[in-house]
Asks: 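Attaching a single structure in structure tokens format; questions to follow.
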Amino acid sequence: MKIRCEAQRDFDNIFTLVKTAFETAMVSDGNEQDFVNKLRDSDNYIPELALVAENNGILLGHIMLTKFCIVRVIEEIAPTVLNEASKHETLLLGPISVVLEQRGCGIGSKLIREAFDKAVNLGYKSVVLVGNPAYYSRFGFKKSEDFGIRNTNGIPSEYVMICELVPGSLESVEGEIYFDGV
């Protein structure tokens with residue numbers, strides 16, 4: 001198996017891979033494949049952190065890390081309008097997909113570890129995600145609240161998690177996670 005950066009020639013296969021993978025996911029809104037395209041088309045896209053796992057030219061898995069911010073509200077002038085804010089750059093993991101026949105074989109773990117290594121080499125220090133704590137805790141993810149970072153999205157707090165890629169990198173960070181507009 002080889003892990004490499006996604007290429008434009010992969011985009012249709014990635015769309016199908018993500019769609020099919022999330023048809024059997026415990027939690028899915030059915031739009032994950034469209035979310036991948038939206039992230040790829042945004043200014044938050046980092047080509048070096050969009051990876052595929054393949055074997056003999058067949059895609060087995062995909063992961064994408066994109067730019068994301070933890071926002072610290074300095075002054076609020078209305079419930080939904082932020083006057084001034086301080087942003088702490090981080091990464092968003094999502095989605096990660098593995099073909100059904102290869103789940104449980106370590107492909108997802110290898111994709112996560114490779115993406116994290118690349119992210120650290122690019123200077124990133126933390127990653128945010130919405131996911132299953134039973135799976136993601138093995139990679140160092142903890143509830144965002146454990147870092148004093150609030151989740152304001154109505155998503156149950158145990159599913160909004162953060163991992164420090166660099167230990168202690170979130171010690172002085174405070175703020176909120178907004179998934180609106182992602």
Side-chain angles (χ1 to χ4, degrees), residues 1-71 85 87-103 106-132 135-136 139 141 144 149 151-155 159-163 165 176-182:
M1 181 183 73
K2 176 183 174 182
I3 295 178
R4 62 171 173 80
C5 292
E6 69 177 16
Q8 188 169 0
R9 69 180 183 275
D10 300 316
F11 292 173
D12 289 342
N13 289 334
I14 291 169
F15 184 92
T16 302
L17 169 72
V18 174
K19 181 176 181 172
T20 303
F22 277 89
E23 287 174 350
T24 58
M26 289 175 43
V27 178
S28 171
D29 67 6
N31 296 314
E32 288 81 6
Q33 66 282 350
D34 298 316
F35 186 56
V36 167
N37 287 341
K38 180 181 177 183
L39 289 171
R40 191 182 290 125
D41 291 338
S42 77
D43 291 337
N44 297 329
Y45 178 62
I46 307 167
E48 300 87 353
L49 298 179
L51 307 175
V52 295
E54 69 175 356
N55 191 20
N56 295 322
I58 297 171
L59 291 187
L60 303 176
H62 176 261
I63 189 171
M64 182 180 276
L65 300 178
T66 53
K67 294 177 192 173
F68 191 73
C69 287
I70 298 167
V71 178
K87 294 181 179 181
H88 175 80
E89 189 172 67
T90 186
L91 293 170
L92 174 68
L93 187 160
I96 180 169
S97 306
V98 175
V99 295
L100 183 61
E101 302 80 23
Q102 295 292 322
R103 289 187 191 159
I107 294 170
S109 295
K110 288 177 184 174
L111 281 166
I112 290 170
R113 288 188 181 97
E114 181 73 16
F116 283 10
D117 287 345
K118 287 180 177 286
V120 168
N121 288 335
L122 290 172
Y124 293 97
K125 298 178 181 176
S126 61
V127 179
V128 173
L129 66 72
V130 175
N132 182 345
Y135 180 75
Y136 289 105
F139 302 102
F141 281 93
S144 65
I149 298 169
N151 159 32
T152 62
N153 303 285
I155 300 168
Y159 299 109
V160 179
M161 297 178 283
I162 299 178
C163 176
L165 299 176
E176 300 176 353
I177 296 172
Y178 295 93
F179 291 112
D180 303 340
V182 171

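These figures come from a predicted structure and were not determined experimentally.
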Asks: Which heavy atom of Gly131 sits nearest a heavy atom of Met161, and at what distance?
Replies: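 Taking every non-hydrogen atom into account, O-CE, 3.2 Å.
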Asks: Can you tell me how far the CG atom of Leu65 sits from the CG atom of Leu39, to the nearest 0.5 Å?
Replies: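 Nearest 0.5 Å value for the CG-CG distance: 10.5 Å.
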Asks: Is any side-chain heavy atom of Ser42 closer than 4.5 Å to one of Thr66?
Replies: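 No. Closest side-chain heavy atoms not under 4.5 Å.
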Asks: Looking only at heavy atoms, which two atoms of Pro95 and Phe35 are closest? And how far apart?
Replies: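 Result for this residue pair: CD-CD2, 4.0 Å.
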Asks: Run the side-chain hydrogen bond (donor to acceptor under 3.5 Å, both in side chains) test against Tyr135 and tell me which residues pass, sequence neighbours left out.
Replies: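 Scan of Tyr135 (side-chain hydrogen bond (donor to acceptor under 3.5 Å, both in side chains), adjacent residues dropped) gives none.
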Asks: Kindly indicate, with the supporting measurements, whether the criterion side chain to side chain contact (heavy atoms under 4.5 Å, CB included) is fulfilled by Asp34 and Phe15.
Replies: CA-CA 8 Å; Asp34 298 316; Phe15 184 92; 3.4 Å; yes
Asks: Return the NZ to OG1 distance between Lys19 and Thr16, rounded to the nearest 0.5 Å.
Replies: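 Atom-to-atom, Lys19:NZ and Thr16:OG1 are 8.0 Å apart.
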Asks: Would you say Asn153's side chain and Ile177's backbone share a donor-acceptor pair under 3.5 angstrom?
Replies: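 At least one qualifying donor-acceptor pair exists.
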Asks: Answer yes or no: are there more than 12 heavy-atom neighbours, outside Phe139 itself, under 6.0 Å from its atom CZ?
Replies: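 Check passes, neighbour count above 12.
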Asks: Using only atom types and a distance under 3.5 Å, with no angle test, would you say the side chain of Asn13 pairs donor to acceptor with the backbone of Asp10?
Replies: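 Checking the backbone N and O of Asp10 against the side chain of Asn13, no donor-acceptor pair under 3.5 Å is found.
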Asks: Compare every heavy atom of Pro47 with every heavy atom of Tyr45, then report the nearest pair and how far apart it is.
Replies: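 Tyr45 and Pro47 have their closest heavy atoms at CE2-CG, 3.5 Å.
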Asks: A side-chain contact here means heavy atoms from C-beta on lying under 4.5 Å apart; do Leu165 and Val127 qualify?
Replies: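 Answer yes - side chains close enough.
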Asks: Going from CG on Leu49 to CG on Leu92, what distance comes out if it is rounded to the nearest 0.5 angstrom?
Replies: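 Taking CG in Leu49 and CG in Leu92, the distance rounds to 11.5 Å.
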Asks: Are side-chain heavy atoms of Leu17 and Val99 found at a separation under 4.5 Å?
Replies: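 The answer is yes, as the side chains (C-beta and beyond) meet within the 4.5 Å cut-off.
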Asks: Looking only at non-hydrogen atoms, find the nearest pair between Lys87 and Val71 and report the distance.
Replies: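 Looking at all heavy atoms of both residues, the closest pair is CG-CG2, 4.3 Å.
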Asks: Working note: Tyr124 + Lys118, criterion side chain to side chain contact (heavy atoms under 4.5 Å, CB included); need CA distance, chi angles, decisive distance, verdict.
Replies: CA-CA 9 Å; Tyr124 293 97; Lys118 287 180 177 286; over 6 Å; no
Asks: Give me each pair satisfying side-chain hydrogen bond (donor to acceptor under 3.5 Å, both in side chains) with a member in residues 54-65, each pair once, sequence neighbours excluded.
Replies: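 Pairs touching residues 54-65 that pass the test: Arg4-Glu54, Glu6-His62.
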Asks: Please determine whether side chain to side chain contact (heavy atoms under 4.5 Å, CB included) holds for the pair Leu93 and Ile63, giving the CA-CA distance in whole Å, both sets of side-chain angles, and the decisive distance to 0.1 Å.
Replies: CA-CA 8 Å; Leu93 187 160; Ile63 189 171; 4.0 Å; yes
Asks: Do the side chain of Arg103 and the main chain of Val98 share a donor and acceptor less than 3.5 angstrom apart?
Replies: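 Yes; at least one donor-acceptor contact below 3.5 Å.
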Asks: Once you measure the plane-to-plane angle for Phe141 and Phe116, does it fall in the parallel (<30°), tilted (30-60°) or perpendicular (>60°) bin?
Replies: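 Ring orientation of Phe141 relative to Phe116: tilted.
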Asks: Could you state the interatomic distance from CD (Glu48) to CG (Asn121), rounded to the nearest 0.5 Å?
Replies: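 So the gap between those two atoms works out to 11.5 Å.
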Asks: What pair of heavy atoms forms the shortest contact from Leu91 to Ala119, and how long is it?
Replies: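 Closest approach of Leu91 to Ala119, heavy atoms only: CD1-CB, 3.5 Å.
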Asks: Does a side-chain heavy-atom distance below 4.5 Å link Phe22 with Asp29?
Replies: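 With C-beta onward as the side chain, the pair stays apart.
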Asks: Would the distance check show the side chain of Glu32 and the main-chain N or O of Gly30 forming a donor-acceptor pair, the cut-off being under 3.5 Å?
Replies: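 Flag set: sc Glu32 to bb Gly30 pair under 3.5 Å.
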Asks: Supply the atom-to-atom distance Ile70 CD1 to Glu176 CD, rounded to the nearest 0.5 angstrom.
Replies: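 Spacing of CD1 (Ile70) from CD (Glu176) equals 11.0 Å.
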Asks: For atom CG of Asp12, decide whether the heavy atoms of other residues, nucleotides or ligands shown that lie under 6.0 angstrom number more than 12.
Replies: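 Counting other residues, nucleotides and ligands, CG of Asp12 stays at 12 neighbours or fewer.
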Asks: Hey, does the side chain of Thr152 reach the backbone of Tyr178 with a donor-acceptor pair shorter than 3.5 angstrom?
Replies: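 Such a contact is absent between Thr152 side chain and Tyr178 backbone.
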Asks: Does Thr20 form a side chain to side chain contact (heavy atoms under 4.5 Å, CB included) with Leu100? I'd like the steps, not just the answer.
Replies: CA-CA 8 Å; Thr20 303; Leu100 183 61; over 6 Å; no
Asks: Could you measure the distance from the CD atom of Gln8 to the CD1 atom of Ile14? Nearest 0.5 Å is fine.
Replies: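 If we round to the nearest 0.5 Å, Gln8:CD and Ile14:CD1 are 11.0 Å apart.
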Asks: In chain order, what residues pass the side-chain hydrogen bond (donor to acceptor under 3.5 Å, both in side chains) check against Thr90, with sequence neighbours excluded?
Replies: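 Scan of Thr90 (side-chain hydrogen bond (donor to acceptor under 3.5 Å, both in side chains), adjacent residues dropped) gives Ser126.
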Asks: Looking at every heavy atom in both Ala21 and Ser97, which two are closest together, and how far apart are they?
Replies: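 Nearest pair, atom of Ala21 first, then Ser97: CB-CB, 3.8 Å.
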